Enquirer: 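Please find one structure pasted underneath; my questions will follow.
First listed ligand is number 1; within each ligand, the first listed atom is number 1. Computed from a predicted structure; not experimentally measured.
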Amino acid sequence: MSRCLLILLSLVLLALSATSTVYEPLPSLREQQKIASEWVNLRTNVVIPKLLEEHKVEMWILSMREYNEDPVFWGLTNPTSTFSARRRTLYVFYRSLKTGEFKKYEFIDNTEQVWTDLTAILYETNPASIVLNIDEKGNNFADGLHAGEAEALLKKLPWTYWMRVQRQPLLATQFIATRVEGQLEIYKKMMRIVHQVIREGFSTRVITPGKTTPNDVIWFFRDRIQSLNMTTWFQPSVDIQRYNPSTNLVETHSGNTPFEYGDFIWTDFGTTFLGLNTDTQHNGYILHPTETSAPIGLQRGLTHHSNQIQDILLREIKPRLTGNQILATTLAQMRALNISGTVYCHPIGDYGHAAGTLIGMTNLQDGVPVKGDIPVFENMWFSIELQANVEVPEWGGQVVNFRQEEDVYLGGDGGVWWVVGRQSELILVGESSGLGKSGESKIKKGKVSLVKQG
Ligand SMILES: *[C@@H]1O[C@H](CO)[C@@H](O)[C@H](O)[C@H]1NC(C)=O
Ligand SMILES: *[C@@H]1O[C@H](CO)[C@@H](O)[C@H](O)[C@H]1NC(C)=O
């Protein structure tokens, strides 16, 4: 009896999987709380003492008021402790440079008592240096002490300690950039789901040429991730590059223009879950009913141009190099290989555009002031974002834009790895197999060949 039921159940599941994408479940709210608490624990008790030691700082004070948080705050709180800063919220971290003794304090108060308490800590620990999150140069993540709050705090600091106040923008930057144990596991799940959602959106289940529009796919993405308990940090983009043989031009379309057979389609799509953010750009092609593959020129644009820029970047990204150094050597190698394109990679994780160095920006290919001079840290993560301009022979030799974005992480050894893989084949809309065997079958997994230093 139970065996019959099992067989029946398997048949039902099989039938279901043939018609709909099966997504892996994410942790429940209750499980999320446990996971996030452990991350806060590691960040507070492991990452902060390590950073204070590295930057030779004895005290770090974060002060903020309700709903006016320092960007560092979100790495120090978890889904049940505090949903936002309350009253006046003060975090004080102290580590003795001599003994390594580490102490942390948290105050949530709306009276003058908080300053009395802070002063008591100062007299007790007598820190040689005190960092406040003030930075006017472009390190936005290190400027979390709001102007009025800085005035209030500095008025209350005894003058001996006032003299010891410093700025160290790398403290906040590196705190936000540093990935802790366990985050990658969740991030990989998110990324597998993202790749699957894009494949579902770029399939005949969602796209009917002549009828469906880029806006429809955008709202499909929004609805789908909501049903999977994820949100997003930006409105997704979907657009079309379409060859018009009568004018011999490549047209771009978006919004409410329906897709057509032969369109080269693209999306920029990100998700948010458990305080982490992803950022992905993939490309697809809408097959004519008579076609079984995309024009070779379109496939080669990906494999011979944008994939190649990705390979160069992954070899060039190394801890302690700055984003500007990596940008310069990457662009030089692209020129040597006659690859035309631009590079604009950003850190990811706590924020969509997270803390750390920038490797180019769309409008800054000669280097990015301030942020481009920050070094790469171990255990951080990046969104590898770039585009190649490629002449496509089948499209009258006209230039097509290959925009790719895929997230990587740096290991503790400085090695650079794709989170789940990168796109190296166009997603084909109208492929007889519909969605393909599994959402990921076309995405290469694993480590990218690394050229080791020395
Ligand atoms: C989304 O959350 C609801 C409520 O917690 C849960 O029942 C459902 O299984 C979740 N869905 C996924 C795909 O994880
Ligand atoms: C470099 O690429 C351009 C554009 O595709 C092409 O016209 C030119 O012949 C290439 N040059 C070399 C040396 O391969």
Enquirer: What about Phe264 and Tyr285, are their ring centers closer than 6.0 Å?
Expert: no
Enquirer: Specify the closest pair of heavy atoms between Pro71 and Ile176, including all atoms of both residues, with the distance to one decimal.
Expert: O-CD1, 3.9 Å
Enquirer: Considering only non-hydrogen protein atoms, determine which one is nearest to atom 4 (C) of ligand 2 and report residue, atom name and distance to 0.1 Å.
Expert: Glu391 OE2, 3.7 Å
Enquirer: Examine Arg179 relative to Tyr409 and say whether NZ or CZ is less than 6.0 Å from the centre of the six-membered ring and inside a 45° cone about the ring axis.
Expert: no
Enquirer: Can you confirm whether or not the ring centre of Tyr187 sits under 6.0 Å from the ring centre of Trp381?
Expert: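 Under 6.0 Å, so yes.
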Enquirer: Evaluate the 4.0 Å heavy atom contact test for atom 1 (C) of ligand 1: does a protein atom fall under the cut-off?
Expert: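 Under 4.0 Å from atom 1 (C) of ligand 1, at least one protein heavy atom found.
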Enquirer: Out of Leu26, Asn229, Ile225, Leu29, indicate the one that has the non-hydrogen atom closest to atom 12 (C) of ligand 1.
Expert: Asn229
Enquirer: Any idea which protein heavy atom is nearest atom 10 (C) of ligand 2, and the distance to it?
Expert: Asn338 ND2, 2.3 Å
